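Report on one structure; see the data block that follows.
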Amino acid sequence: MQGDPSLYDINWSTDKIQAFRQTLLAWYDETKRDLPWRNTNDPYKIWVSEIMLQQTQVATVIPYYERFIETLPTIQALANAEEETLLNLWQGLGYYSRVRNMQIAAQQIVADYAGAMPQTMKGLLSLKGIGPYTAAAIGSIAFGLVEPAIDGNLMRVTARLFELDADISQPKSRKLFAAILYQLIDAERPGDFNQALMDMGATIMTPANLNPEASPIKEFDRSYQNGTAHLYPVKKKKVKATEHQLIAYVVQNLQGEWLIRKHDEQELLTGLWHFPLLEQSVVMEAVSEEELIEPFSDWWAEQNSLLNDYAFETEPSITINQQLMPFGDLSTLTLLPKVKHVFSHRVWHVQLVPLMMKIDQAGLQENENMRWQSPKQIRDLPVSTLQQKLLKALESYL
DNA sequence: AATTCGGGGGT
DNA sequence: ACCCCAGAATT
């Protein structure tokens with residue numbers, strides 16, 4: 001892989017390029033952080049770290065990384081792991097398709113690469129969940145491939161060094177950064193070169209740029225020389241997240257167990273267990289008991305008819321309604337705090353509504369995606385951070 | 001090219 | 001509030 005040199009000529013002399021590499025790498029050798037994945041040459045461990053670090057800060061990743069490597073120390077172990085094990089290791093980290101894709105990739109490696117990490121860009125890019133950035137990161141760090149690992153840090157640093165006006169939120173801008181970085185990257189130490197620029201972007205040339213004088217490469221930095229660092233990188237603003245109102249139903253049976261369900265692949269937080277969550281099309285202000293219970297009983301009837309393969313409903317709403325009652329009286333019920341949960345693209349405001357079954361419904365509704373679970377054993381299953389917030393809010397109520 | 005995927009940290 | 005984070009897959 002090569003960048004297109006005609007796209008942008010940095011117009012630095014050979015001596016200046018050498019001086020830049022030497023300055024940057026000397027700074028890195030002196031000040032680099034001692035991170036777990038920097039004490040290994042195992043491509044598998046580098047891979048795990050790079051997947052976890054996608055859109056996720058170093059400090060957040062470290063404990064997840066340690067636990068993951070301890071539990072699944074090899075590609076083979078990952079390929080053979082249960083999905084529940086994977087999600088338990090990943091719960092709270094977010095972007096759960098990352099770990100699902102990583103297992104698919106591990107199985108690809110076993111099937112197509114004799115169980116060993118491929119050592120070419122083409123091979124790495126053939127793996128599920130490995131894109132241009134991650135392929136370059138693994139390739140350069142683990143195998144010495146001379147490839148720039150173009151992430152948010154490298155784009156910010158590069159944009160400032162050359163006062164680039166390209167919008168980094170646009171995919172086509174990647175070519176420009178690649179063209180420049182291929183001219184700069186140190187062919188002897190490509191992995192260290194990439195990591196040095198990442199450290200630079202993470203610790204000194206940060207978005208806020210609070211201490212620009214600390215930069216060891218400021219003499220190479222046009223935005224520093226011209227006092228324009230705050231203008232770079234150029235990035236289009238994101239659209240605001242849409243807001244949604246939901247109810248989380250905490251349905252308790254006569255054994256004191258709660259109804260929980262595993263989200264399927266068509267919804268958010270796939271594979272993780274939650275109380276039944278229903279979106280409210282209209283915001284309910286002063287609600288009656290019936291208005292709180294009804295959406296759940298309709299949903300329950302739908303689940304039942306799907307599960308029982310019935311083409312018709314046998315007055316389920318009425319039946320279920322009569323079997324449920326609010327847990328405590330309505331006035332205390334509405335005192336439960338609303339839980340706010342923020343995703344990248346939406347915001348959920350979730351109202352807890354505890355309900356109790358009046359008569360025994362043991363056995364009803366259970367299948368692999370829906371079950372009654374005792375409160376103490378819920379944390380044995382993979383749950384999202386939202387579900388953890390709901391459990392905590394409930395704790396203070398009960 | 002735009003949208004969809006979580007969750008937390010810093011200002 | 002707002003932005004960002006060692007991004008990739010899907011639409």
Side-chain angles (χ1 to χ4, degrees), chain A residues 32-33 35-38 46-65 87 90-102 104-105 124-142 147-157 167-174 177 191-203 205-211 230 233-243 263 265-272 274 340-348 382-389:
Chain A
K32 67 176 176 184
R33 289 165 294 176
L35 303 172
W37 46 89
R38 285 182 174 170
I46 307 292
W47 176 31
V48 172
S49 75
E50 290 301 339
I51 298 297
M52 286 188 172
L53 286 161
Q54 289 171 5
Q55 298 295 286
T56 310
Q57 296 186 165
V58 166
T60 304
V61 163
I62 290 175
Y64 283 91
Y65 171 84
L87 290 174
W90 212 267
Q91 69 172 0
L93 199 52
Y95 289 151
Y96 298 94
S97 64
R98 287 185 292 177
V99 70
R100 263 188 275 273
N101 288 338
M102 196 163 54
I104 293 170
L124 290 167
L125 287 168
S126 75
L127 299 175
K128 194 82 170 173
I130 295 187
Y133 162 76
T134 305
I138 298 172
S140 65
I141 296 169
E147 300 285 344
I150 305 173
D151 70 336
N153 286 312
L154 268 70
M155 286 195 284
R156 180 172 57 259
V157 170
D167 180 351
I168 67 168
S169 70
Q170 296 202 338
K172 66 177 182 183
S173 300
R174 239 193 82 86
F177 291 92
D192 287 342
F193 180 88
N194 282 328
Q195 294 183 89
L197 283 181
M198 291 178 203
D199 272 18
M200 185 64 54
T203 63
M205 296 175 70
T206 59
N209 202 27
L210 298 179
N211 189 12
H230 61 288
V234 174
K235 189 176 187 181
K236 190 177 54 183
K237 283 181 186 171
K238 280 184 259 185
V239 294
K240 236 177 92 176
T242 56
E243 311 231 351
H263 281 198
E265 59 272 16
Q266 319 211 22
E267 52 196 337
L268 243 46
L269 304 170
T270 305
L272 301 170
H274 300 83
K340 182 180 179 182
H341 192 67
V342 180
F343 301 87
S344 336
H345 57 308
R346 65 186 70 190
V347 181
W348 281 1
V383 296
S384 70
T385 297
L386 166 62
Q387 177 67 15
Q388 298 201 40
K389 289 181 193 170

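Fair warning: this is a prediction, and the values are worked out from it, not measured in the lab. Proteins come first, then strands; the chains are lettered A, B, ... in the order of their sequence lines, and each starts at number 1.
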Under 4.0 Å, counting only non-hydrogen atoms across every strand here, what does A:Leu35 touch: a base, just sugar-phosphate, or nothing? base
Say you pick atom P in B:dG6 and the same atom in C:dT10; how far apart are they, in whole Å? 14 Å
Sub-4.5 Å side-chain heavy-atom contact between A:Leu272 and A:Val383: no
Check against side chain to side chain contact (heavy atoms under 4.5 Å, CB included), A:Lys340 and A:Val342: CA-CA 7 Å; A:Lys340 182 180 179 182; A:Val342 180; 4.0 Å; yes
Would you tell me if any nitrogen or oxygen in the side chain of A:Lys236 comes within less than 4.0 Å of OP1 or OP2 on B:dA2? yes
Run the numbers on A:Gln91 and A:Ser384 for side-chain hydrogen bond (donor to acceptor under 3.5 Å, both in side chains), then give the verdict. CA-CA 6 Å; A:Gln91 69 172 0; A:Ser384 70; over 6 Å; no
Before we go on, tell me: are the rings of A:Tyr64 and A:Trp90 under 6.0 Å apart, centre to centre? no
Among the nucleotides B:dC5, B:dG9, C:dA6, which one has an atom lying closest to any side-chain atom of A:Thr60? B:dG9
Sugar-phosphate, base or nothing in reach of A:Lys235, heavy atoms under 4.0 Å: sugar-phosphate
Worked verdict on A:Asp167 versus A:Ser173 for side-chain hydrogen bond (donor to acceptor under 3.5 Å, both in side chains): CA-CA 7 Å; A:Asp167 180 351; A:Ser173 300; 5.8 Å; no
Between P of B:dG8 and CG of A:Leu53, the distance in whole Å: 16 Å
Spacing of A:Leu93 atom CG relative to B:dG9 atom P, expressed in whole Å: 12 Å
Rounding to a whole Å, what distance do you find between A:Ile168:CD1 and C:dC4:P? 7 Å
Selected nucleotide, minimal atom distance to A:Leu268 side chain, candidates B:dA1, B:dG6, C:dA8: B:dG6
Run the numbers on A:Ile141 and A:Glu50 for side chain to side chain contact (heavy atoms under 4.5 Å, CB included), then give the verdict. CA-CA 11 Å; A:Ile141 296 169; A:Glu50 290 301 339; 3.7 Å; yes
Output the rounded distance in Å from CE (A:Met155) to P (C:dC4). 11 Å
Say you pick atom P in C:dA6 and the same atom in B:dT3; how far apart are they, in whole Å? 24 Å
Looking at A:Asp199 and A:Arg38, is there a salt bridge between them, counting it only when a charged N and a carboxylate O are closer than 4.0 Å? yes
Phosphate OP1/OP2 of B:dA1: any A:Lys172 side-chain N/O under 4.0 Å: no
Hey, which sits more toward the 5' end of DNA chain B by its nearest nucleotide, A:Gln170 or A:Thr270? A:Gln170
side-chain hydrogen bond (donor to acceptor under 3.5 Å, both in side chains) filter on A:His263, not counting sequence neighbours, yields A:His274
Beyond-backbone contact of A:Val58 with A:Leu35, side-chain heavy atoms, under 4.5 angstrom: yes
Contact under 4.0 Å: A:His345 side-chain N or O vs B:dT4 OP1/OP2: no
Contact class for A:Gly201 vs. all strands (heavy atom < 4.0 Å): base, sugar-phosphate, or nothing? nothing
Using a 3.5 Å limit for the pairing distances, which stems of at least 3 consecutive Watson-Crick or G-U wobble pairs does DNA chain B take part in? B:1-5 with C:7-11, B:7-11 with C:1-5
What integer distance in Å separates A:Gln387:CD from B:dG6:P? 15 Å
Between atom CZ in A:Arg346 and atom P in B:dT3, what is the gap in whole Å? 13 Å
Just checking A:Trp90: base, sugar-phosphate only, or nothing, at a heavy-atom cut-off of under 4.0 Å? nothing
Can you identify which nucleotide, out of B:dG9, B:dG7, C:dA6, has its nearest atom closest to the A:Leu269 side chain? B:dG7
When we call it a touch if two heavy atoms are under 4.0 Å apart, what does A:Arg38 touch: a base, just sugar-phosphate, or nothing? base
Using only side-chain N and O atoms of A:Thr385, determine if any of them is under 4.0 Å from OP1 or OP2 of B:dG7. yes
Take A:Asp151 and A:Leu154 through the test side chain to side chain contact (heavy atoms under 4.5 Å, CB included) and record every step on the way to the result. CA-CA 5 Å; A:Asp151 70 336; A:Leu154 268 70; 3.3 Å; yes
Going by number, which of residues 127-139 of chain A have a non-hydrogen atom under 4.0 Å from DNA chain B? none
A:Gln388 has an atom CD; how far is it from atom P of B:dG6, in whole Å? 15 Å
Can a donor-acceptor pair under 3.5 Å be found between the side-chain atoms of A:Ser384 and the base atoms of B:dG6? no
Spacing between A:Arg156 atom CZ and C:dG7 atom P, to the nearest angstrom: 10 Å
Is any side-chain heavy atom of A:Leu93 less than 4.5 Å from a side-chain heavy atom of A:Thr60? yes
Using only side-chain N and O atoms of A:Gln55, determine if any of them is under 4.0 Å from OP1 or OP2 of C:dG7. yes
Which of these nucleotides, C:dG7, C:dC2, B:dG6, is closest to any side-chain atom of A:Lys240? C:dC2
Please classify the nucleic acid contact of A:Leu154 as base, sugar-phosphate, or nothing, using heavy-atom distances under 4.0 Å. nothing
Applying a 4.0 Å non-hydrogen cut-off, can you work out what A:Val239 is touching in the nucleic acid: base, sugar-phosphate, or nothing? nothing
Working note: A:Tyr133 + A:Gln54, criterion side-chain hydrogen bond (donor to acceptor under 3.5 Å, both in side chains); need CA distance, chi angles, decisive distance, verdict. CA-CA 9 Å; A:Tyr133 162 76; A:Gln54 289 171 5; over 6 Å; no
Can a side chain N or O of A:Tyr96 be found less than 4.0 Å away from OP1 or OP2 on B:dG7? yes
Answer yes or no: does a side-chain N or O of A:His341 lie under 4.0 Å from OP1 or OP2 of B:dG7? yes
